[in-house]
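Pasting in a structure now, in structure tokens, and then I'll have a few things to ask.
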Amino acid sequence: MQRIVWLVRQEGLSPHEILAVTFTNKAAKEMRLRLETELNMGLRSMWVGTFHGLSHRLLRTHWQEAKLPQHFQILDSDDQLGMIKRLMKQLGIDTESTPAKQVQSYINGHKEEGRRAAHVLARGQFERSLQEIYQTYEDLCQRQGLVDFAELLLRSLEVLRDTPPLLKHYQQRFSNILVDEFQDTNTLQYAWLKLLRGTDGCIMAVGDDDQSIYGWRGAKIENIHNFTEDFAGAQLLKLEQNYRSTSTILKAANELIKNNSERLGKALWTEDQVGDPIRVYAAFNEQDEARFIVDIIAQHVKEGGSRNDCVVLYRSNAQSRSLEEAFLRQGMPYRIYGGHRFYERMEIKNALGYLKLITNRQDDPAFERVINTPTRGIGATTLEKIRAYARDEGLGLWDASVEMLSRKLLTGRALVTVKAFIELIERMDEETLPLALKESVELTLELSELIDFHSREKGERGLARVENLKELISAVHNYEPTLTLDDIDEKAVNLEGRQALAVFLTEASLDSGDKQAEEDEDAVQLMTLHTAKGLEFPLVFLAGVEEGLFPHSMAIQSSPGGLEEERRLCYVGITRAMKTLYITHAEARRIFGKETYSQPSRFITELPAELLSEVRLTGSVDRPMHFAKDRPRPAAARVGGAGIGNPLSGAKESAAAANLRIGQRVEHKKFGVGVILHAEGEGDRTRLLINFEGVGEKTLVLGFAPLTPLD
DNA sequence: TCCGGAGGTCCCAAA
DNA sequence: GACCTCCGGA
């Protein structure tokens, strides 16, 4: 960032000569904005973006050299999976023994290593069948003008490699290349950088091996180690001073990451103050956790802080629900990132499906999606007939339908309905052709009758879908393509008519859709740890820091380096905090609809105890209920006046607690028979320490534990 | 062909 | 708990 400003100001470089690449849209957007402010100039045509975004730009400009149709579209992971499923069915491969998901990651894995189906060395029957699917998938995508995420990178690498004049042009143009989050580059991205940089370009990469958290999508830490060798003249700088966080936070992060064996090795330091200890809160369950967090933030705001200062980080998107509910209930504004992206929502994809089919009739996934949405009487049987014909004749679904109609291969109702569908799309195409982008989208939406269709859906859901469709319209109104006329490339991209539509659709697929909330509202941010990389906040909450969830059991099982990557993820989370860090974990949590109990994460144990301060609830001393025999406890630390004690529901409380006392024998559905040793808290939220026979001591929450008194 | 209920599966992270 | 898929009835 500073480097770019310096290059332009001091070295007199034109922004056109600089290529800056990052990993997330958010980071790219931010960089562009900050540069525009700092340099006080418009940088629309500067190449700042994600690897995927820049690759797309390259392919859109040089579609002919890349052997793509002009209006090629992007296949997102859902569409890709659907495509693989359909193709496997056609090949007669059963998806029970070979899950489509596995095939998907097989294909993406190879692409990320730069291998086409033809390059894969398949050993044995099983791998050969995978390779066959990969090959068929490649052919299908090519024929339909579809490009998946990995393909964007692979294809743009190939087009540069195989078109020397093009390569030379870009190598000369981009005399300076800057890469952020370099530790997350995969083989393909690394090769891409190497190719573009050529022999004498300048390249600067910023990265931190301790923050490598994308191993699962092919990122190679080795790229850092190879960097100085592969890029002659490059040097490695270690940045250890951190100007952001308190020394407590840095110390905790350092101690945590020391548990990893594979590191380049470094220790962060700061001149900042010691700051607050890290607060750890043991919640009863996820609702309690969420409410605790909201309460603390409310307190922070009451003391004059802003909500923008606060972020809640979690390991998996599923955790956002209970948090969201708590924020909603308290009426506290929040903004949530990631998860189900706007453009991945069903109703939006339906609408985009029509638009895709308008620009490209060969797009089978789009065809499949919209042919009977809204329902127009074209059922599974008819569709299967079309698929079979398409397969036999080697055609796309659209062409197959048209041919079947003219050859009178469809009869009765199918004939009428399919004909009507074909005519509908043709009509949309004709009528939108002379229109501007937003009018095209509006008209298509109207002709599709999607709004009507979704509003007939019952319940809240239909309403929400209609809202989203309306939001799509306003999104188009506010839309500005990142891809614009590029005065330096000989081939200027002409953003008119269909091309504008094609660009809108691809950029929608690449967009993370993180602009859902009003931008200027003071709101708490909610996001996954992965999304948070590169950001910083005064007040940070790490939620759900439990064994099994974080580190995630899947991550530990799936790969040998899994645990270390999880630890790096935790390191990333901790270092997001500038001043105050809260770590919360819940004793019980609903996962897949069933109550699950878990221990605090090992990552908490790995932090030096002297940096932590446990947050406990008060109240048990003041109002002992049926637990009067309780031995005196040391006074619990009180969190800065946060209003944790919500009123309890009286009725349920007395019913549940009435028959229980210390020393009481109880029976639990899962743990069997045990004796109550200790109790703490009030009402339903009373925490019971129970020693179960053969199981050991467990802390359970009265309101949630299915306990039956035995005597 | 469409709809609803039953039953199984699943999300660990992102472009 | 939400979603998909399969199945039987209208």
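Each chain gets a letter, A, B and so on, in the order its sequence line appears, and its residues count up from 1. Everything numeric here is computed off the predicted structure, so don't read it as measured data.
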**Request:** Would you please name every residue forming a ring-ring contact (aromatic ring centres under 6.0 Å, His included) with A/Y134, sequence neighbours left out?
**Result:**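 Residues passing ring-ring contact (aromatic ring centres under 6.0 Å, His included) with A/Y134: none at all.
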**Prompt:** Just how far, in rounded Å, is C1' of B/dA15 from CG of A/N108?
**Reply:**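 Going from A/N108 (CG) to B/dA15 (C1'), I get 11 Å.
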**A/L410 CG - B/dT1 P separation (whole Å)** =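 Spelled out: CG on A/L410 to P on B/dT1 is 11 Å.
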**Request:** Working to the nearest 0.5 Å, report the span between NZ of A/K385 and OG of A/S401.
**Result:** 12.5 Å
**Request:** Please report, rounded to the nearest Å, how far the P atom of B/dA14 is from the CE atom of A/M527.
**Result:**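 One finds 11 Å between P of B/dA14 and CE of A/M527, rounded.
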**Prompt:** So, for A/Y190 and A/W192, is the gap between ring centers shorter than 6.0 Å?
**Reply:**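 No, the ring of A/Y190 stays outside the 6.0 Å limit from the ring of A/W192, centre to centre.
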**Message:** Once side-chain contact (heavy atoms from CB on, under 4.5 Å) is applied, do any residues pair with A/V370, and if so which ones, sequence neighbours excluded?
**Reply:** A/Y354, A/L357, A/F421
**Asked** Under 3.5 Å, is there a donor-acceptor pair linking the side chains of A/E547 and A/S598?
**Response**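 A/S598 and A/E547 do not have a side-chain donor-acceptor pair below 3.5 Å.
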**Asked** According to a strict under-4.0 Å criterion, is A/T531 in side-chain N/O contact with OP1 or OP2 of B/dA14?
**Response**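 So the side-chain polar atoms of A/T531 do come within 4.0 Å of the phosphate oxygens OP1 or OP2 of B/dA14, strictly under.
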**Request:** For A/K101 and B/dA14, give me the distance from atom NZ to atom P, rounded to whole Å.
**Result:**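 Taking atom P of B/dA14 as the reference, NZ of A/K101 is at 14 Å.
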**Request:** Please work out if A/Y214 contacts a base, only the sugar-phosphate, or nothing of the nucleic acid, heavy-atom cut-off 4.0 Å.
**Result:**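 The answer is sugar-phosphate, as A/Y214 gets under 4.0 Å only of primed atoms, P, OP1 or OP2.
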**Message:** For B/dT1 and A/T382 - does any side-chain N or O of the residue sit under 4.0 Å from the phosphate oxygens OP1/OP2?
**Reply:** yes
**Asked** Out of B/dC2, B/dC12, B/dA15, which has the shortest distance to the side chain of A/N372?
**Response** B/dC2
**Item:** Integer-rounded Å distance: B/dA13 C1' and A/L542 CG
**Value:** 15 Å
**Asked** Can any side-chain N or O of A/Q183 pair as donor or acceptor with the backbone N or O of A/D208 at less than 3.5 Å?
**Response**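 Yes.
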**Request:** Select one nucleotide: of B/dT1, B/dA15, B/dC12, the one nearest the side-chain heavy atoms of A/H552.
**Result:**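 In terms of side-chain proximity for A/H552, the closest of B/dT1, B/dA15, B/dC12 is B/dC12.
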**Message:** Is A/N317 close enough to B/dA13 that one of its side-chain N or O atoms is under 4.0 Å from OP1 or OP2 there?
**Reply:**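 For B/dA13, OP1/OP2 do have a side-chain N/O of A/N317 under 4.0 Å.
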**Request:** Would you mind telling me which of B/dA13, B/dA15, B/dA14 lies closest to the side-chain atoms of A/R315?
**Result:**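 Among B/dA13, B/dA15, B/dA14, the one nearest the side chain of A/R315 is B/dA13.
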**Message:** Need one value for A/S553: base, sugar-phosphate or nothing, where a base atom within 4.0 Å counts as base even if backbone is also close, heavy atoms only.
**Reply:** nothing
Pairwise N/O distances under 3.5 Å, protein to nucleotides 1-7 of chain C:
| residue | atom | partner | partner atom | Å |
| --- | --- | --- | --- | --- |
| C/dG1 | N7 | A/F592 | O | 3.4 |
| C/dG1 | O6 | A/F592 | O | 3.1 |

**Fill in**
Whichever of A/E566 and A/A380 has the more 5' nearest nucleotide on DNA chain B, that residue is A/A380
**Request:** Identify, between A/G379 and A/T528, the residue whose nearest nucleotide on DNA chain B lies closer to the 5' end.
**Result:** A/G379
**Item:** Nucleotide nearest A/S316 (side chain, heavy atoms from C-beta), chosen from B/dT1, B/dA14, B/dA13
**Value:** B/dA13
**Item:** Minimum heavy-atom distance between A/N468 and A/I348, given as atom pair plus value
**Value:** O-CD1, 3.5 Å
**Request:** Write down the distance between CG (A/N186) and C1' (B/dA13), rounded to a whole number of angstrom.
**Result:** 15 Å
**Message:** Over all strands shown, is A/F51 touching base, sugar-phosphate only, or nothing at heavy-atom distances under 4.0 angstrom?
**Reply:** nothing
**Integer-rounded Å distance: B/dA13 P and A/L529 CG** =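 Spelled out: CG on A/L529 to P on B/dA13 is 11 Å.
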**Asked** Considering only side-chain heavy atoms of A/H52, which listed nucleotide, B/dT1, B/dC2, B/dA15, is closest?
**Response** B/dA15
**Request:** Using only side-chain N and O atoms of A/T24, determine if any of them is under 4.0 Å from OP1 or OP2 of B/dA14.
**Result:** no
**Asked** Can you check the A/Q557 CD to B/dC11 C1' distance for me, whole Å?
**Response**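 Distance check: A/Q557 CD to B/dC11 C1' gives 14 Å.
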**Prompt:** When you measure from the centre of the six-membered ring of A/Y571, is the NZ or CZ of A/R568 under 6.0 Å away and within 45° of the axis?
**Reply:**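 No - A/R568 does not lie over the ring of A/Y571 by the 6.0 Å and 45° rule.
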**Nearest listed nucleotide, side chain of A/W216, among B/dC12, B/dA14, B/dA15** =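 Of the options given, the side chain of A/W216 lies nearest B/dA14.
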